[in-house]
Amino acid sequence: MVLTQSKGILRIILSLAGVSALLILFYNFSAISGTSIILHPDGERFVRPAKGGSLKGIDPLLNPEKGPPGKLWAPGEANRTAATLLSLVRNNELDGMLSAMRDMERTFNHKFNYPWTFFNDEPFSAEFKERTRKETKAEVRYEVIPKGHWEIPSWISKDLMAESAEMLTEKGVQYSKLESYHQMCRWNSGKFYEHPALKDIRWYWRVEPKVHFFCDVDYDVFRYMEDNNKTYGFVINIYDSPESIETLWPQTLEFIAEHPEYLHPNNAIKWLTDSRNRPLHNDKANGYSTCHFWSNFEIADMTFWRSKAYKDYFDHLDRAGGFFYERWGDAPVHSIALGLFEDRDKIHWCVSYSPFFPGP
């Protein structure tokens with residue numbers, strides 16, 4: 001009886017080993033040949049790299065950095081630079097903001113005490129101020145966005161905006177009918193850095209409600225960016241909904257035609273126009289890959305946003321109306337501008353302190 005059971009178990013083990021061997025063989029063959037083996041819901045194919053049978057050494061996320069090179073200033077080793085932790089948040093998002101603050105303070109800011117700057121299109125409540133102040137020893141600023149920076153511009157047709165929202169909704173574009181979402185995208189794209197509260201601030205780290213930070217950051221991130229001549233730090237780049245930005249790239253090309261002098265010689269246009277990884281995205285977005293830095297987390301030098309090149313670019317987009325007739329987000333707008341007008345070597349992957357976004 002025991003012998004029979006042992007033989008049965010042995011057969012199962014051998015069967016599993018055989019199936020595993022076949023799967024490994026199939027994976028290796030697919031990887032070497034470049035055969036597409038995963039289909040996306042939209043019909044696009046994911047093609048495995050044509051090097052070996054593993055993504056190790058190809059996908060950087062499988063080989064995380066040990067930390068950025070160069071001098072890393074520990075707490076108390078150097079003076080703080082002109083920087084702030086920045087959040088656009090509403091009173092009803094208080095609980096999500098408190099959660100994000102606790103993580104940020106625990107992992108980073110209790111060591112460096114950079115000020116927090118909160119923005120809202122309406123005054124903050126007494127409860128919001130009282131409870132957020134308790135989460136940090138740093139200075140906290142509560143700022144109201146000027147109406148001229150938030151309101152829908154006079155040149156935008158409300159009727160056309162409503163019709164466009166209907167069309168976008170039919171295409172499955174999120175937040176199409178939510179005016180405040182369009183206003184938020186425009187403000188984050190081209191208005192926040194003009195607020196008087198930030199006039200003496202160069203750097204910001206954007207912190208969204210509900211985000212979580214798990215890794216301790218024991219060096220002054222802002223000083224690292226400044227000392228190493230970096231302009232922008234990101235943790236992930238993803239693909240946008242092409243239906244939301246169909247005319248963004250054509251408008252960008254029109255702007256470049258008018259201002260070729262703004263193109264940086266070491267730009268990242270190949271990344272912006274890649275058509276191999278998501279050909280349907282490139283096609284629907286009229287030549288733009290839709291790949292962008294996810295601006296829910298970004299560390300940036302506002303000197304770039306305040307430059308003539310970026311301000312002229314934003315003004316061009318603003319007059320085109322795509323923030324309201326489509327749903328142009330600040331993430332693709334920031335990414336395209338950085339990819340075209342900035343030295344790509346000044347864009348920094350902040351892999352060592354990636355946050356977690358639980359979603360809406």
Side-chain angles (χ1 to χ4, degrees), residues 40-44 88 121 145 148-192 208 237-259 269 271-275 277-296 298 305 309-341 359-360:
H40 292 278
D42 57 7
E44 295 187 51
L88 174 63
D121 64 314
I145 300 170
H149 286 186
W150 187 259
E151 291 178 343
I152 299 173
S154 59
W155 59 84
I156 298 298
S157 166
K158 288 292 188 75
D159 291 339
L160 181 55
M161 185 177 170
E163 292 179 21
S164 299
E166 291 290 344
M167 294 175 63
L168 291 171
T169 301
E170 291 175 5
K171 293 179 180 180
V173 177
Q174 283 186 306
Y175 314 120
S176 302
K177 295 182 179 181
L178 192 61
E179 283 192 6
S180 62
Y181 193 86
H182 294 266
Q183 291 169 297
M184 177 269 291
C185 289
R186 176 177 179 261
W187 185 79
N188 276 328
S189 294
K191 291 297 178 182
F192 77 94
E208 295 282 306
N237 55 46
I238 59 176
Y239 291 92
D240 206 351
S241 162
E243 293 82 6
S244 68
I245 49 173
E246 288 182 358
T247 64
L248 177 56
W249 188 247
Q251 284 294 337
T252 298
L253 294 179
E254 182 178 309
F255 176 77
I256 293 173
E258 295 173 359
H259 297 283
I269 195 167
W271 169 65
L272 293 172
T273 58
D274 170 66
S275 61
N277 289 306
R278 293 285 182 94
L280 291 184
H281 276 232
N282 183 285
D283 183 59
K284 291 178 181 178
N286 295 294
Y288 171 37
S289 67
T290 77
C291 199
H292 62 274
F293 305 121
W294 203 21
S295 59
N296 295 57
E298 62 182 7
W305 310 135
Y310 185 79
K311 291 176 76 172
D312 286 351
Y313 177 59
F314 171 76
D315 288 343
H316 177 91
L317 298 182
D318 203 22
R319 299 300 301 191
F323 291 109
F324 299 98
Y325 300 144
E326 292 184 10
R327 200 212 62 192
W328 295 352
D330 52 282
V333 170
H334 283 182
S335 300
I336 290 174
L338 287 160
L340 293 177
F341 312 137

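All values derive from a computational prediction rather than experimental measurement. No hydrogens, no waters, no symmetry mates; every other heavy atom, side chains included, goes into these values.
- Side chain of S335 to backbone of F293: a donor-acceptor contact under 3.5 angstrom is found.
- Summarising the geometry of C185 relative to G329, their closest heavy-atom pair is SG-CA, 3.9 Å, with the distance given to 0.1 Å.
- Contacts of P250 classified as side chain to side chain contact (heavy atoms under 4.5 Å, CB included), with partners at least two apart in sequence or in another chain: N286.
- In this structure, the separation between CD on Q174 and CG on L168 is 12.0 Å, given to the nearest 0.5 Å.
- Not a single salt bridge (Lys or Arg N to Asp or Glu O under 4.0 Å) links E254 to another residue, sequence neighbours left out.
- For T247, the side-chain hydrogen bond (donor to acceptor under 3.5 Å, both in side chains) partners at least two apart in sequence or on another chain are E326.
- Heavy atoms only, all atoms of each residue included: F324 and I152 are closest at CE2-CG1, 3.7 Å.
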Quiz item: Does the pair Y325 and I156 meet the rule for a side chain to side chain contact (heavy atoms under 4.5 Å, CB included), with working shown?
Solution: CA-CA 8 Å; Y325 300 144; I156 298 298; 3.8 Å; yes
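- Here the OG1-CG distance, from T252 to L340, works out to 7.0 Å after rounding to the nearest 0.5 Å.
- Atom-to-atom distance recorded for E151:CD and D121:CG is 10.0 Å, nearest 0.5 angstrom.
- Q183 contributes atom CD, which lies 12.0 Å from atom CG of N188 (distance to the nearest 0.5 angstrom).
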Exercise. Give the intermediate values and the outcome of side chain to side chain contact (heavy atoms under 4.5 Å, CB included) for residues K191 and W150.
Key: CA-CA 8 Å; K191 291 297 178 182; W150 187 259; over 6 Å; no
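- For R327, there are no side-chain hydrogen bond (donor to acceptor under 3.5 Å, both in side chains) partners at least two apart in sequence or on another chain.
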Quiz item: After noting the C-alpha distance and the side-chain angles of H281 and D240, does the key distance pass the side chain to side chain contact (heavy atoms under 4.5 Å, CB included) rule?
Solution: CA-CA 8 Å; H281 276 232; D240 206 351; over 6 Å; no
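- Annotation: ring pair (Phe, Tyr, Trp, His ring centres under 6.0 Å) contacts of F314 (sequence neighbours excluded): F323.
- The salt bridge (Lys or Arg N to Asp or Glu O under 4.0 Å) test applied to D312 returns K308, not counting sequence neighbours.
- Residues passing the side chain to side chain contact (heavy atoms under 4.5 Å, CB included) test with L178 are Y175, S180, Y181, sequence neighbours excluded.
- A heavy-atom distance below 4.5 Å is found between the side chains of R186 and P153.
- Closest of all the heavy-atom pairs between A165 and S176 is CB-O, 3.6 Å.
- E298 CD to L338 CG: the interatomic distance, rounded to the nearest 0.5 Å, is 8.5 Å.
- Every side chain to side chain contact (heavy atoms under 4.5 Å, CB included) that A337 has, sequence neighbours left out, goes to F304, Y310, Y313, F341.
- Counting only distance, with no hydrogens or angles, the side chain of H292 and the backbone of N237 share no donor-acceptor pair below 3.5 Å.
- Residues that satisfy the salt bridge (Lys or Arg N to Asp or Glu O under 4.0 Å) test with K311, not counting sequence neighbours, are absent from this structure.
- By the side chain to side chain contact (heavy atoms under 4.5 Å, CB included) test, S289 pairs with D274, C291, sequence neighbours left out.
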Quiz item: Do F192 and L88 pass the side chain to side chain contact (heavy atoms under 4.5 Å, CB included) test, and can you show the C-alpha distance, the side-chain angles, and the key distance before you say yes or no?
Solution: CA-CA 9 Å; F192 77 94; L88 174 63; over 6 Å; no
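- E243 meets the salt bridge (Lys or Arg N to Asp or Glu O under 4.0 Å) test with K284; sequence neighbours excluded.
- To the nearest 0.5 Å, atoms CG (D318) and CH2 (W155) are separated by 4.5 Å.
- Scanning all heavy atoms of the two residues, the minimum distance from W328 to A320 falls at CH2-CB, 4.1 Å.
- Partners of H316 according to the ring pair (Phe, Tyr, Trp, His ring centres under 6.0 Å) rule, which considers only residues two or more places apart in sequence or in another chain, are F255.
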